[in-house]
Number of protein chains: 2
Amino acid sequence: MNAPIPAQISCADCPIRHRAVCARCETDELETLETIKYYRSYEAGQSIIWSGDVMNFVGSVVSGIATLTQTMEDGRTQMVGLLLPSDFVGRPGREGAAYNVVATTDLVMCCFRKKPFEDMMVRTPHIAHRLLEMTLDELDAAREWMLVLGRKTAREKIASLLSIVARRDASLTPKGVVNAMTFDLPLTREAMADYLGLTLETVSRQMSALKKDGVITLEGKRRVTVPDMARLLEEAGDDSDGGFLG
Amino acid sequence: MNAPIPAQISCADCPIRHRAVCARCETDELETLETIKYYRSYEAGQSIIWSGDVMNFVGSVVSGIATLTQTMEDGRTQMVGLLLPSDFVGRPGREGAAYNVVATTDLVMCCFRKKPFEDMMVRTPHIAHRLLEMTLDELDAAREWMLVLGRKTAREKIASLLSIVARRDASLTPKGVVNAMTFDLPLTREAMADYLGLTLETVSRQMSALKKDGVITLEGKRRVTVPDMARLLEEAGDDSDGGFLG
DNA sequence: AGTCCCGTTTGATCTGAGTCAAAGTTTTGT
DNA sequence: ACAAAACTTTGACTCAGATCAAACGGGACT
């Protein structure tokens with residue numbers, strides 16, 4: 001039921017320690033964190049948390065990809081977040097989960113039992129502070145996505161999603177300013193549709209259109225090459241540089 | 001240029017003190033807050049902050065209503081937040097503003113110069129903790145709104161907006177569980193459209209349809225009566241009670 | 001009282017994305 | 001290697017909401 005945990009995981013891989021919560025702290029609280037942390041792995045497609053469940057841990061993604069979704073009774077679903085390595089999961093101070101969390105690829109999470117983590121938050125302001133910063137980032141991302149969902153055309157939505165995945169991918173393997181890049185789309189057409197508020201048919205059509213127009217090229221269904229990032233950002237209706245430049 | 005500040009404002013009215021940040025603290029830091037706080041008022045239609053501006057204050061709404069919006073170069077705009085009395089504005093630890101903030105009615109804000117506020121945050125964990133809680137609430141609200149924007153029909157969107165305004169209104173003047181209620185819509189049809197990712201014509205048509213079907217009644221254009229709140233929530237496609245019950 | 005302005009309503013038509021359906025492609029399992 | 005399952009593409013048609021356009025109402029100011 002629980003997928004095997006890769007042997008090569010070590011403390012150095014733990015994004016909680018190195019990126020998410022403790023980016024700036026050096027000492028004691030890290031030792032405490034080590035004592036309450038554990039790893040957990042999931043297989044592609046496996047549900048991690050159901051909306052409304054009591055959540056007894058917080059944590060962050062070590063490897064793989066998970067999605068946050070909300071669902072209506074009649075089955076309409078909207079993805080409200082995409083969790084990539086180093087992203088944080090959990091709501092310190094909250095009882096239940098507000099969304100479904102599903103692993104879309106094989107996934108390893110670094111978890112902390114919630115109560116001890118909250119206790120530590122109270123004692124170590126750095127962690128609370130860092131968590132606030134991360135939550136503000138998520139809020140910005142959610143609000144940026146509201147513009148995408150409310151006002152962009154299907155083609156602009158696809159371009160926006162591609163540029164976000166590209167940005168995240170670039171930041172994980174930094175190599176300076178880039179014009180062209182290749183990455184793997186970690187989502188099925190259906191998951192893309194759920195993220196963008198479209199149907200999977202429309203996603204497929206727009207992907208084909210972007211390919212025909214030379215904005216992207218595809219190897220197989222998932223591997224995407226963007227020959228000209230500025231062009232993609234323009235297609236996304238986004239005049240900002242999307243974090244690629246400056 | 002700056003609208004006059006109502007004479008009756010007093011510390012007791014300050015939502016920062018009483019609701020937003022210090023709901024649970026009783027002593028010293030309140031005194032400190034008093035020394036760095038000031039009031040500022042705006043007229044209906046006045047812009048409070050432009051996206052990208054350097055923001056040198058944080059604060060919260062005392063009275064009136066403001067909106068957070070994002071705009072594309074071609075003028076398409078999406079409202080990403082509605083600020084009602086007691087809501088917090090600002091991004092501790094961030095330089096610039098990410099959105100436009102506009103007063104849609106005459107408005108009074110309780111402000112704190114940003115640097116001293118941040119210094120105090122470092123010293124008083126209560127405030128950082130409370131701010132994290134508030135930010136998590138905003139994140140939940142933003143993500144709930146993503147479902148509205150991405151997956152709901154025009155009629156469901158209108159019903160969702162009405163139920164949110166009704167809920168907020170009810171929580172400001174608490175009187176227990178209610179089935180029927182009347183409130184003022186603080187938004188023009190255009191602002192509603194910007195919130196919902198619709199055009200103002202569609203908003204108007206759906207308001208008329210909801211009226212014809214007896215879901216709401218209108219006095220003038222703005223005063224709305226909901227005879228049966230459960231019916232409205234059902235129209236919103238929301239099986240949760242929206243905070244009205246339980 | 002009149003008229004100007006702003007927000008709103010209503011009507012007619014158009015269109016982008018949804019729906020329904022079928023065929024093609026990749027992955028998985030035996 | 002083959003068959004089954006899962007995912008993707010493409011086509012034909014439909015429809016919810018956008019667009020374009022005109023008229024309506026109510027307050028503010030002569």
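Protein chains get the first letters and strands the later ones, always in sequence-line order, with residue 1 at the start of each. These numbers were taken from a predicted model, which means no experiment stands behind them. As a basis for the values below, the full set of heavy atoms in this structure was taken, side chains included, without hydrogen atoms, waters or symmetry mates.
The nucleotide whose nearest atom lies closest to any side-chain atom of B/Thr199 is, among C/dG7, D/dA18, C/dA17, D/dA18.
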Indicate for each nucleotide in nucleotides 24-30 of chain C, in 5' to 3' sequence, whether protein heavy atoms under 4.0 Å reach the base (B), only the sugar-phosphate (S), or nothing (-). -------
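Not one side-chain nitrogen or oxygen of B/Thr202 sits closer than 4.0 Å to the OP1 or OP2 atom of D/dG17. Considering only side-chain N and O atoms, A/Ser208 lies under 4.0 angstrom from the phosphate OP1 or OP2 of D/dT10.
When atom types are taken as modelled, the side chain of B/Arg155 and the backbone of B/Met207 share no donor-acceptor pair closer than 3.5 angstrom.
Distance A/Arg76 CZ to C/dT19 P: 10 Å, rounded to the nearest Å. The nearest whole Å value for the distance from the CG atom in A/Leu218 to the P atom in D/dT10 is 11 Å. Rounded to a whole Å, the CD atom of A/Gln206 is 12 Å from the P atom of D/dT9. Following rounding to the nearest Å, B/Arg222 (CZ) and D/dG27 (P) show an atom-to-atom distance of 12 Å. The distance from atom CD of A/Glu190 to atom P of C/dT19 is 13 Å, rounded to the nearest whole Å. Distance, A/Asp194 CG to C/dG18 P: 12 Å, rounded to whole Å. For the pair B/Leu187 CG and C/dG7 P, the computed distance is 13 Å after rounding to whole Å. The interatomic distance linking B/Leu200 (CG) with C/dT9 (C1') rounds to 10 Å, in whole Å.
A ring pair (Phe, Tyr, Trp, His ring centres under 6.0 Å) check over residues 139-158 of chain A, counting only residues at least two apart or in different chains, returns the pairs A/Trp145-A/Tyr195. Within the structure, ring pair (Phe, Tyr, Trp, His ring centres under 6.0 Å) pairs that include any residue of residues 198-236 of chain B do not occur (at least two apart or interchain).
Among the heavy atoms of the strands lying under 4.0 Å from A/Ser204 is at least one base atom, whether or not backbone atoms are also near. Counting any heavy atom pair closer than 4.0 Å across all strands shown, A/Gly45 reaches no nucleic acid atom.
Of the residues in residues 148-161 of chain A, those placing a heavy atom less than 4.0 Å from an atom of DNA chain C are A/Thr153, A/Ala154, in numerical order.
One finds the CG atom of A/Leu210 at 9.0 Å from the CG atom of A/Leu218 (value rounded to the nearest 0.5 Å).
Residues B/Ala98 and A/Asp140 approach most closely at CB-OD1, 4.3 Å, considering heavy atoms. Looking at every heavy atom in both residues, B/Thr153 comes nearest to B/Glu156 through N-OE1, 2.9 Å. The nearest pair of heavy atoms linking B/Lys152 to A/Arg76 is CA-NH1, 3.9 Å.
For a distance-only test at 3.5 Å, the side chain of A/Glu201 qualifies as a donor-acceptor partner of the base of C/dC20. In this model, no side-chain donor or acceptor of A/Arg205 finds a partner on the base of C/dG18 within 3.5 Å. With hydrogens and angles ignored, no donor-acceptor pair under 3.5 angstrom links the side chain of B/Arg189 to the base of C/dT10.
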Evaluation steps, side chain to side chain contact (heavy atoms under 4.5 Å, CB included), between B/Met181 and B/Leu232: CA-CA 11 Å; B/Met181 62 176 302; B/Leu232 181 69; over 6 Å; no
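In terms of position on DNA chain C, the residue among B/Met207 and A/Leu198 whose nearest nucleotide sits closer to the 5' end is B/Met207.
In this structure, B/Val215 and B/Leu162 have side chains that are not in contact, with every pair of non-hydrogen atoms separated by 4.5 Å or more. Annotation: side chain of B/Met146 is not in contact with side chain of A/Gln70 (no heavy-atom distance under 4.5 Å). Between A/Leu84 and A/Ile65, the closest side-chain pair of non-hydrogen atoms falls below 4.5 Å.
Shown here are the side chain to side chain donor-acceptor pair (under 3.5 Å) partners of A/Arg231, two or more places apart in sequence or in another chain: A/Glu235.
An angle of 40°, rounded to 10°, separates the two end axes of the helix from C/dA1-D/dT30 to C/dT30-D/dA1, each defined over five pairs.
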